[in-house]
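Quick notes on the structure that follows.
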There are 2 protein chains.
Amino acid sequence: MADVEEFVESAGLHFERLGLSRTAARVMGCLLAETGEAADAPGLCERLGVAKSSMSVALHQLERGGLVERYRPPRARRDHYRLAEDVFGRAFRTKMTEFTAFAALAEQGLSAVGDHPTARARLEHMRDMYAFMAREFPKLLDRWDEERAGGTGGPAPGSAASGPLDGRP
Amino acid sequence: MADVEEFVESAGLHFERLGLSRTAARVMGCLLAETGEAADAPGLCERLGVAKSSMSVALHQLERGGLVERYRPPRARRDHYRLAEDVFGRAFRTKMTEFTAFAALAEQGLSAVGDHPTARARLEHMRDMYAFMAREFPKLLDRWDEERAGGTGGPAPGSAASGPLDGRP
DNA sequence: TAGTTTGTTCGGAACGTTCCGAACGCTTAG
DNA sequence: CTAAGCGTTCGGAACGTTCCGAACAAACTA
């Protein structure tokens, strides 16, 4: 059986490759392994051994990416944080924008190379492939949602939302 | 109509986010916009204004990633480079390994959190979703190959291979 | 054989990024 | 009103990465 801290560090390495900073990535690990009690900034700071300024930046980064939700329980003096309900859906859809970006890049290339046949064929292939992916990948996500909703019969995606720490407005 | 050099720089930015170094990414741009004549290391160095040492490292990086093929035309004194036939398929499949890596990460988390219900549910969701993607995405690639092969009726994917500079052993 | 060209490897410099500590504004409790 | 806690912002330091120039090894030419 592995250690939780080990997992947090692994998560730090993995999520870093998604474009997050190291601390933000480690925060993702903490929130994934969260065992129920609320996560707040001072707690995360002590747990990860980082300055609260870095934590502030990291949490903002995560919040703006839609990966983490910030909420303040009534009468509480500090913010609390949890994973967004559709973190992974969000992550995939962010990745997806890459597809359209590459299709657009190919388009730019096409208008740059003029009418040279082999170059055009290459870039058209690239454009068509990424366009195909941008068109088909969302369907895959939908199929996942359906499969998950139908399979469990339970509530819609986002089971973690109905945890013991629900104090959102 | 955009400029070719602009396109190369755009490609540099885009491919950099795939984990390549900046120079390697710009080389990708050059090879994508290649107008037929062979690309060799000295030529790329001058075109991009980088040292040949950097070029050597970048080309190795691309070659080991399977994105670029190196070949030496008979009686030639320098190596030549071109995009691999299935560059984008290769790129997608590389990306795909990320899916299984994240599924494994979730597994690690599961063995770390023990039996806490909400944490387990979260991590099982993560594991199942990435496993689903790792299972279904290859099918998407296959569908693309079929669609492309059936649509054109032409040769199998990799039309750029039969260009005017075919001197591979 | 001597000379040229190509490609690789290595150490050091330059660059960008991330992180920390300090200062500030804001809210709440006493 | 004072004091304490939380969150944000900023400048500077530390880190890792990338790149360049020089030295080297190998292949070919004359």
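Quick caveat, the model's predicted, so the values are computed rather than measured. Letters A, B, ... mirror the listed sequences (proteins, then strands); counts begin at 1.
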Would you say A:Thr23 places a side-chain N or O within less than 4.0 Å of OP1 or OP2 belonging to C:dT18? no
- Is any NZ, NE, NH1 or NH2 atom of the basic residue among A:Glu34 and B:Arg122 found under 4.0 Å from an Asp or Glu carboxylate oxygen of the other? no
To the nearest angstrom, the NZ-P distance between A:Lys52 and D:dT8 comes to 10 Å
Of the listed D:dT18, D:dG21, D:dA4, the closest approach to the A:Arg77 side chain comes from D:dA4
Check the pair B:Phe137 / B:Tyr130 against ring-ring contact (aromatic ring centres under 6.0 Å, His included), numbers first and verdict last. CA-CA 10 Å; B:Phe137 198 80; B:Tyr130 279 99; over 10 Å; no
Contacts of B:Arg78 and A:Arg75 projected onto DNA chain C by closest heavy atom; the upstream (5') one is B:Arg78
**Report entry** Polar side-chain atom of B:Arg120 near backbone of B:Gly114 as donor-acceptor pair, under 3.5 Å
**Finding:** yes
Taken to the nearest whole Å, CD/A:Gln61 to P/D:dT9 is 14 Å
* To do: Keeping the roles fixed (side chain from B:Thr94, backbone from B:Arg90), state whether a donor-acceptor pair exists under 3.5 Å.
  => yes
To the nearest angstrom, the CZ-P distance between B:Arg72 and C:dT5 comes to 15 Å
A:Ser53 has its side chain closest, among D:dC10, D:dG21, C:dG7, to D:dC10
So, under a plain 3.5 Å distance rule, would you say the side chain of B:Ser56 forms a donor-acceptor pair with the base of C:dG7? no
### Message
With a 4.0 Å cutoff (strictly under), does any side-chain N or O of B:Arg70 reach OP1 or OP2 of C:dT8?
### Response
yes
Side-chain contact check for A:Ser54: nearest option of C:dC20, C:dA23, D:dA23 is C:dC20
In whole angstroms, the gap separating P of D:dG7 from CG of A:Leu59 amounts to 9 Å
- request: Flag the pair A:Glu136 and A:Lys139 as a salt bridge only when some basic side-chain nitrogen lies within less than 4.0 angstrom of an acidic carboxylate oxygen.
  value: yes
Between CE of A:Met55 and P of C:dG21 the distance, given in whole Å, is 14 Å
Per atom distances to the A:Ser21 side chain, the nearest of C:dT18, C:dT6, D:dT18 is C:dT18
Between CZ of B:Phe15 and P of D:dT18 the distance, given in whole Å, is 17 Å
Here the distance between atom P of C:dG7 and atom NE2 of B:His80, to the nearest Å, is 8 Å
When rounded to whole Å, the CD to C1' distance for the pair B:Glu46 and C:dT6 reads 16 Å
So A:Asp40, base contact, sugar-phosphate only, or nothing? Heavy-atom distance under 4.0 Å. nothing
